[in-house]
Amino acid sequence: MSDYKNEIEKRRTFAIISHPDAGKTTLTEKLLLYGGAINMAGSVKGKKTSKHAVSDWMEIEKQRGISVTSSVLQFKYNGYCINILDTPGHQDFSEDTYRTLMAADSAVMVIDASKGVENQTKKLFKVCVMRNIPIITFINKMDREARNTFELLEDIENVLGIHTYPVNWPIGCGKEFKGVYDRKSRNILAFTANNGQKEVAEQIVSIDDDNLEDVIGSLHKDELMDDVELLEGAGDDFDLDAVRSGNLTPVFFGSALTNFGVEPFLEDFLKLTTPPLPRQAEVDTVSPYSPYFSAFVFKIQANMNKAHRDRVAFMRICSGKFEKNMEVYHVQGGKKMRLSQPQQIMAQEREIIEEAYAGDIIGVFDPGIFSIGDTICSPQEKFRFKGIPTFAPEHFALVRQKDTMKRKQFIKGTNQIAQEGAIQIFQELGSGMEEVIVGVVGTLQFEVLEYRLKNEYNVDIIMTTLPYQHIRWIANKDLDPKTLNLASDTKRIQDLKDNYLLLFTSPWNITWALEHNKGLELGEFSED
Ligand code: G4P
């Protein structure tokens, strides 16, 4: 196999999702520790201390302790090259999670063992299921009191509509957490729970070992035997195809904080997942092993570093090899170009890279030309990847600047933030740029907008919530929206790409519009 094919084989690119506080940061940190990417526990996390999670860039994240943006970390482990994509933990940013998942080949779902699938994050997890990518579950915090194991699995199955396969089985929990039983090897990986202890001693015993009782105690042994019998009788069978098509999630139990069960999880994870898979382009699928470079933009982030006021476009490489200074073709811009300052991000350190392969994520300096979903490919082999769908916003507000002298900054700020996909902006037909209609999927996005306009663009805004709840794109291309017969509370607007849209306060108004305007076609998603 040629060198670059070898490199691609080694790649694993996954997103990590969880409800805030389930332990995503702690798990990420432990994974990085195994990869030798960091030397010290605590260098990634520590929201309550002065140190901040390396993947949290923005002030607002630090203040609220939530992850708004998603970042990328790369590390090497046992000959593999692993890319972790962090995702926001709040449902209001589920669209960002969806885009990040577009760049991932699989997802790790971290769940707090005392809580199960949490209400607020159902939406986030469902987004994950929507993408049909393999989901591997890590049930964390077994060193604390946990919910019944069968119940936890049932919860995942019922809420997410995905089958579960426990790869290992916990023995006790909290102070009584004795370790996990690995179903494949029939071994028990024993753990000594010791409050506050960060490093644990591990011991391996077979389930058939006569001394098992001495290690986990007779009560736990009996319980384990019963559980195992039940599992073998009633649980789903392991089916790798079902895992890879996202219909079955392998489940691991452990404790990220005490570093228990993390390495076995990582090792199995690498076996359960595949190297980068072919990607669907508009006409064909593109093999990662194609000799031609291709990538798509899934995230744009401005002002990651306030001192530089820069804007970085993150792209996922889908095929071939990227080399610094190589000439590429930006399909949507219709231009040949060289990607400037290609970088990979390791924690807050950005490293200029010389080369990267299918599966990798690179960030490039963006002078304002890229949009989410854009294709970058080799000038010798031009094509376009399928776009990333835009979620229909569910909340709307009218936004204008307090100080009219700040009009320029206001327009720049709202436009840039919209280009990043953090909000969607629209304009009422015939109105000027003094005010814009902002649409969001989750209301927390409004707060981010207000905060960022103030901090990055020095603009104070006045925001008035609008009563609309439904948005429809007018699919008839030559239709003048002014000619439409609409209910008085339906608003005609247009987006950044000059598409016409309508805002409705109720589904009833949508029906009214369709009934009173023959031939009117309304779409729920923007086509481009
Ligand atoms: P997140 O990124 O998903 O939001 O969660 P994060 O890793 O920040 O973990 C949230 C809290 O849960 C942290 O405590 C962390 O130490 C704790 N935690 C994570 N994994 C485990 C685990 O396996 N067992 C136990 N007992 N706790 C765990 P904190 O009090 O918010 O922060 P800190 O004071 O520990 O820094």
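Quick caveat, the model's predicted, so the values are computed rather than measured. Whatever order the structure lists ligands and atoms in, that order sets their numbers, starting from 1.
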Query raised in the report: Between Asp374 and Ser371, does a side chain to side chain donor-acceptor pair (under 3.5 Å) hold up when you go through it step by step?
Result: CA-CA 6 Å; Asp374 282 6; Ser371 290; 4.6 Å; no

Query raised in the report: Does the pair Asn83 and Asp360 meet the rule for a side chain to side chain donor-acceptor pair (under 3.5 Å), with working shown?
Result: CA-CA 7 Å; Asn83 294 299; Asp360 286 343; 3.0 Å; yes

Query - Any N/O pair Gly254/ligand 1 closer than 3.5 Å - result: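 N/O-N/O distance below 3.5 Å does not exist for this pair.
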
Query raised in the report: Is Leu27 close to ligand 1, meaning an N/O of one under 3.5 Å from an N/O of the other?
Result: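 By distance alone, the answer is no.
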
Could you list the atoms of ligand 1 found under 4.0 angstrom from a heavy atom of [X]?
X      : value
His19  : 3 (O)
Pro20  : 4 (O)
Ala22  : 3 (O), 5 (O)
Thr25  : 1 (P), 2 (O), 7 (O), 8 (O)
Ser255 : 22 (C), 23 (O), 24 (N)
Lys24  : 1 (P), 2 (O), 3 (O), 5 (O), 7 (O)
Asp21  : 1 (P), 3 (O), 4 (O), 5 (O), 10 (C), 12 (O)
Ser18  : 3 (O)

Report task. Nearest heavy atom to atom 6 (P) of ligand 1 wins, so pick from Thr26, Ile16, Asp112. Result ->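 Shortest heavy-atom distance from atom 6 (P) of ligand 1: Thr26.
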
Query raised in the report: Shortest non-hydrogen contact from Gln419 to Gly368?
Result: NE2-O, 4.2 Å

Query raised in the report: Is it the side chain, the backbone, both or neither of Arg144 that has a heavy atom closer than 4.0 Å to ligand 1?
Result: side chain

Query - Expected output: side-chain Arg144 to main-chain Ser255 donor-acceptor under 3.5 Å - result: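 A pair under 3.5 Å: no.
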
Query raised in the report: Under 3.5 Å, side chain of Asp239 to main-chain N/O of Ala242, donor-acceptor pair present?
Result: yes

Query raised in the report: What do the steps show when you test Thr164 against Thr249 for side chain to side chain donor-acceptor pair (under 3.5 Å), and what is the final call?
Result: CA-CA 5 Å; Thr164 56; Thr249 179; over 6 Å; no

Report task. State, yes or no, whether a side-chain contact exists between Phe191 and Met142 at a heavy-atom distance under 4.5 Å. Result ->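 Answer no - side chains too far apart.
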
Query raised in the report: If you draw the axis of the six-membered ring of Tyr77, does the NZ or CZ of Arg12 fall within 45° of it and under 6.0 Å from the ring centre?
Result: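 Geometry flag: not set, cation outside 6.0 Å or 45°.
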
